[in-house]
Visitor: 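Below is one structure. I have some questions about it.
Computed from a predicted model, the values in this text were never measured in an experiment. Here is how names work: the chains are called A, B, and so on, in the same order as the sequence lines, proteins then strands, and each is numbered from 1.
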2 protein chains.
Amino acid sequence: MTTLHLAVDRDSGVAIHRQIYQRLRGAILEGLLRPGQRVPSTRTLSRELGVSRLPVLTAYEQLLHERYLEGRVGSGTFVSPALPDDLLQVPGAGAPRPSPTRPAAPPSREEGLGPFRLSVPALDRFPHALWARLVARQAHALTHTQMAYGDPAGLPSLRAAVAEHLRTARAVRCETEQVIIVSGSQAALHLAAAVLVAPGDQVAVEEPGYPGAWSALRAGGARLVPVPVDGEGLSLDSLRRRGRRIRAAYVTPSHQYPLGSSMSAARRLALLEWAGRQGAWVLEDDYDSEYRYVSRPVGALQGMGAHERVVYIGSFSKVLFPALRVGFLVVPSGLRQRFLEAREAFDLFSPTLYQAVLAEFLREGHFVRHLRRMRGVYLERRDALMAGLTRHCGDRLSLLNADAGLHLAVLLPPGLDDREVVRRMGGRGLTATALSACYVGGDRSSGLLLGFGGTPARRLLDATRILGEILQARP
Amino acid sequence: MTTLHLAVDRDSGVAIHRQIYQRLRGAILEGLLRPGQRVPSTRTLSRELGVSRLPVLTAYEQLLHERYLEGRVGSGTFVSPALPDDLLQVPGAGAPRPSPTRPAAPPSREEGLGPFRLSVPALDRFPHALWARLVARQAHALTHTQMAYGDPAGLPSLRAAVAEHLRTARAVRCETEQVIIVSGSQAALHLAAAVLVAPGDQVAVEEPGYPGAWSALRAGGARLVPVPVDGEGLSLDSLRRRGRRIRAAYVTPSHQYPLGSSMSAARRLALLEWAGRQGAWVLEDDYDSEYRYVSRPVGALQGMGAHERVVYIGSFSKVLFPALRVGFLVVPSGLRQRFLEAREAFDLFSPTLYQAVLAEFLREGHFVRHLRRMRGVYLERRDALMAGLTRHCGDRLSLLNADAGLHLAVLLPPGLDDREVVRRMGGRGLTATALSACYVGGDRSSGLLLGFGGTPARRLLDATRILGEILQARP
């Protein structure tokens with residue numbers, strides 16, 4: 001048993017459970033708590049800290065979910081042995097099992113806003129009137145300076161608000177100066193590729209993965225190296241086998257696109273260790289990080305590493321709306337100047353009005369309130385989708401991880417071509433995406449990506465019934 | 001004497017003088033009127049057309065200014081012999097004189113909105129209230145479809161309005177499908193470079209020229225080849241001497257940046273002929289084209305060539321305001337798909353709100369009214385600047401062409417370092433730019449670029465007095 005000498009600060013504005021989570025995680029990452037070591041019971045720790053047991057339970061639950069901790073029935077809670085200490089401090093072996101590869105098609109341009117449309121948030125639940133009022137107010141108040149040329153890094157008030165949000169909500173380690181506002185995660189990736197990748201450089205990408213990222217990376221001259229993912233995320237064994245010429249790895253740790261897993265803590269540490277040893281960069285696309293249904297959101301990979309090898313990428317497209325076109329990067333301080341120079345060469349700066357509106361939206365707390373409301377909305381939609389799929393398509397589909405995000409992935413039975421299914425769905429007004437379009441290589445799984453963010457629960461239920469008919473009707 | 005069988009259409013919505021101008025220019029370009037050939041007197045033509053003499057005079061004045069025509073005292077008006085017919089139809093010689101090179105410093109980042117700030121329009125005369133009202137209305141009216149993902153080519157209503165404006169006001173030959181909306185001319189150039197230039201390709205740029213363009217071209221991997229400009233624009237002799245490996249030429253024909261000349265018709269035709277023969281591209285940055293003080297605006301280079309070798313680039317930054325971040329390209333139809341693919345890889349699409357506002361601003365005629373008002377405003381500011389410079393700095397500066405645009409260039413006496421003068425001006429609250437920063441090569445003129453768009457006439461007069469003091473005070 002250990003006494004941890006933790007303390008909580010009731011005036012910090014950070015929730016108590018979050019503070020406990022961060023301190024325990026920090027103690028593990030810094031080696032104060034070693035793999036296999038027992039941690040205090042929630043009862044003991046709550047007494048030590050002088051807090052109720054609930055926040056301690058919440059923190060433990062999160063750490064168990066992220067596999068920093070593991071529980072053994074009847075004998076308490078321990079730091080996970082799957083966190084080899086050589087990963088924490090010095091280079092070494094001890095890697096996770098190799099990932100299974102999955103069964104096998106080309107990309108389709110997604111169109112329309114029918115049920116299952118990917119990447120579209122609940123526009124029907126967006127606070128339109130409030131937003132339009134803020135836009136109108138800012139448009140009236142625009143000063144001459146704000147109408148002229150802006151800072152290539154972005155509006156200072158927005159950068160400060162984003163940095164604060166990321167520190168609190170995503171455990172990102174950043175100062176305002178590290179934040180660069182761009183026109184979305186696509187632009188962020190394009191910029192990162194231009195700065196970090198020379199023509200012909202190898203960049204590891206998740207297989208299956210996000211085709212939008214590939215085009216941004218390829219535009220920067222990258223040669224893509226697909227690396228398989230399993231239930232814990234990118235396979236580090238596979239990544240290491242690709243050798244020393246990989247210059248960067250693009251990952252979606254919060255909610256792997258498209259399969260939906262979240263990267264385990266061990267895998268995250270191993271990836272950071274790989275990047276440090278290799279002198280490579282990690283491009284962390286914190287896509288869909290805001291919505292997690294089974295536990296608290298997992299903190300960002302960026303916040304785990306001492307070495308500054310991570311470029312963190314986020315966007316407001318899925319939390320607010322895509323046509324806003326505001327995203328951001330958090331870059332290592334040493335790279336800031338190069339990023340800004342490239343940004344000026346690309347498109348100077350982002351339009352000021354929406355930056356000012358967004359800064360106010362964040363500052364006034366509307367953003368956090370909106371996120372909180374949306375979690376409930378998306379949970380309901382996800383549950384409706386899962387229930388409908390089970391009822392109408394249960395014998396024909398297998399569901400993958402649906403713990404987070406705004407879509408879930410399902411696998412189709414062998415021999416059923418997902419592109420054909422997507423075509424038939426399109427004929428019935430459903431906008432699905434073929435999983436097989438998400439592979440760089442030739443060995444593709446056949447499946448469907450079903451977005452649920454943009455569609456009310458009742459319509460999702462109807463849509464699963466139609467999908468069931470389509471799957472039954474197959475020759 | 002020739003009878004031209006021209007006709008005007010009173011119902012076309014195009015001004016009569018513009019129709020006459022376009023038809024005469026078309027007849028010259030198509031070889032119906034040959035170099036050296038006499039054209040009807042304005043009196044004769046006005047009778048033939050059944051119109052008053054004023055529009056005919058206006059059209060002739062413009063054609064004389066653009067050097068399609070030349071007048072000989074007492075003997076009438078002729079098609080300019082400086083338009084060799086081999087330039088019009090078939091490859092051949094007959095080139096303009098080589099350009100003189102000019103005497104010589106590195107770029108400074110422009111900051112602040114003091115008098116002489118470059119590229120800033122008359123924000124004090126912008127119709128704020130109207131604009132804010134349109135923004136508020138569009139923000140309230142934004143549909144779910146408009147909040148989701150937009151067309152990478154831009155909002156169809158804005159593209160149609162831009163195409164119509166360019167056809168009417170700039171003589172650009174384009175269909176709506178050729179217009180791609182991006183976030184400004186910097187983004188347009190970055191995109192054009194990505195599509196047209198392979199890493200290591202040579203791209204000709206004007207010397208002196210626009211450093212912003214260089215960084216966009218270099219980001220695309222271009223190697224810059226400086227080509228001198230003279231009073232008629234880019235020296236074609238020099239360009240031809242650079243050989244066959246030049247892949248593209250970046251030019252500012254309406255108002256050469258920074259020296260202010262406009263490219264002569266002969267030079268334009270020669271440039272198009274060069275591009276066709278060479279299989280090269282012309283990147284026409286129609287920067288500052290809207291404001292011309294000595295005659296009607298010169299039509300775009302893009303509208304002169306039959307061969308589709310021109311990518312036309314424009315922006316609303318200087319006509320409305322920079323923080324709007326809306327610009328556009330007109331691309332040859334055959335390249336459209338490649339531009340759109342690159343655009344999606346870069347940043348998907350432009351924010352929808354301002355596109356919708358701008359479409360309405362154009363459609364409702366506010367844009368044309370604003371342009372018309374601003375011409376008067378800028379003429380007054382230019383005249384105040386010229387008067388002030390003559391009064392306070394006349395013996396120390398020589399003014400270059402100030403027929404168009406929102407800035408003028410002045411040369412400093414030999415031995416006076418423009419960067420030092422700019423520094424001293426900064427100390428007195430004046431935001432000028434050093435001419436010497438606009439050279440790729442080492443042979444630089446010392447001078448100042450003095451913006452007059454963003455500063456009221458009285459402040460400009462005051463600023464010239466301060467500039468005079470600074471120049472007198474030099475050791």
Side-chain angles (χ1 to χ4, degrees), chain A residues 110 113 117 119-121 123-124 126 128-129 131-150 182-184 186-187 190 194 199 212 214-219 221 317 320-326 341-342 344-354 357 454, chain B residues 110-111 113 117 119-121 123-124 126 128-129 131-150 182-184 186-187 190 194 199 212 214-219 221 317 320-326 341-342 344-354 454:
Chain A
E110 306 142 21
L113 290 175
R117 175 68 160 85
S119 305
V120 172
L123 300 173
D124 55 318
F126 184 77
H128 288 274
W131 180 262
R133 208 156 56 232
L134 295 183
V135 169
R137 185 197 304 172
Q138 292 287 350
H140 276 285
L142 224 52
T143 65
H144 288 181
T145 303
Q146 287 177 325
M147 293 174 74
Y149 289 89
V182 293
S183 71
Q186 189 75 27
H190 175 49
W214 308 340
S215 61
L217 294 167
R218 282 178 174 141
S317 291
L320 299 175
F321 59 97
L324 179 60
R325 304 279 78 219
V326 180
E341 280 163 18
E344 281 208 87
F346 282 11
D347 63 352
L348 298 185
F349 69 106
S350 286
T352 305
L353 177 69
Y354 266 166
V357 173
Chain B
E110 306 142 21
E111 309 232 32
L113 290 176
R117 174 71 158 85
S119 306
V120 172
L123 299 172
D124 56 318
F126 184 77
H128 289 274
W131 180 263
R133 208 157 56 234
L134 295 183
V135 169
R137 185 197 302 172
Q138 292 287 350
H140 276 285
L142 224 52
T143 64
H144 288 181
T145 304
Q146 286 176 325
M147 294 173 74
Y149 288 90
V182 293
S183 71
Q186 190 74 25
H190 175 49
W214 308 339
S215 59
L217 294 167
R218 282 177 173 142
S317 291
L320 300 176
F321 59 97
L324 178 61
R325 304 278 80 219
V326 181
E341 280 163 18
E344 281 209 85
F346 283 9
D347 63 352
L348 297 186
F349 69 106
S350 286
T352 305
L353 177 69
Y354 266 166

Visitor: Where on B:Phe126 is there a heavy atom nearer than 4.5 Å to chain A: the side chain, the backbone, both, or neither?
Guide: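 For B:Phe126, side-chain heavy atoms alone lie under 4.5 Å from chain A.
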
Visitor: With a 4.5 angstrom heavy-atom cut-off, is it the side chain or the backbone of B:Ala194 that approaches chain A, or both, or neither?
Guide: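 No part of it gets close to chain A.
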
Visitor: What part of A:Leu348 gets closer than 4.5 Å to chain B, counting heavy atoms only: side chain, backbone, both or neither?
Guide: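 Both parts, backbone and side chain.
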
Visitor: Please classify the contact of A:Gln146 with chain B as side chain, backbone, both or neither, using a heavy-atom distance under 4.5 Å.
Guide: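 Backbone of A:Gln146 only, per the 4.5 Å heavy-atom cut-off to chain B.
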
Visitor: Top residue by heavy-atom pair count (under 4.5 Å) with chain A, among B:Ser215, B:Gly454, B:Pro351, B:Ala139?
Guide: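 Sorted descending by pairs with chain A, the first entry is B:Pro351.
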
Visitor: How long is the gap from CZ on B:Phe346 to CZ on A:Phe346, to the nearest 0.5 Å?
Guide: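 Result: 6.5 Å between the selected atoms.
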
Visitor: Got B:Ser183 and A:Ser183 here, is their nearest side-chain heavy-atom distance under 4.5 Å?
Guide: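 Side chain of B:Ser183 against side chain of A:Ser183, heavy atoms only: no contact under 4.5 Å found.
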
Visitor: Hey, is the main chain of A:Ala345 close enough, under 3.5 Å, to the side chain of B:Arg218 for a donor-acceptor pair?
Guide: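 Not at all, since once roles are kept as given, no pair shorter than 3.5 Å links the two residues.
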
Visitor: With a 4.5 angstrom heavy-atom cut-off, which part of B:His128 approaches chain A: side chain, backbone, both or neither?
Guide: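 Side chain only.
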
Visitor: Pick whichever of A:Val135, A:Leu324, A:Leu353 has the most heavy-atom pairs under 4.5 Å with chain B.
Guide: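 The residue among A:Val135, A:Leu324, A:Leu353 with the greatest pair count is A:Leu353.
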
Visitor: Report which part of A:His144 has an atom under 4.5 Å of a heavy atom belonging to chain B: side chain, backbone, both, or neither.
Guide: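 The answer is both parts of A:His144.
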
Visitor: For chain B, which candidate among A:Trp131, A:Phe321, A:Tyr149 shows the most heavy-atom pairs at distances under 4.5 Å?
Guide: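 So the answer, after comparing A:Trp131, A:Phe321, A:Tyr149, is A:Tyr149.
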
Visitor: With a 4.5 angstrom heavy-atom cut-off, which part of B:Glu341 approaches chain A: side chain, backbone, both or neither?
Guide: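 Neither; nothing under 4.5 Å.
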
Visitor: What part of A:Ser350 gets within 4.5 angstrom of chain B, counting heavy atoms only: side chain, backbone, both, or neither?
Guide: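 Backbone only.
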
Visitor: Any heavy-atom pair between the side chains of A:His190 and B:His190 that's under 4.5 Å?
Guide: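 Answer yes - side chains close enough.
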
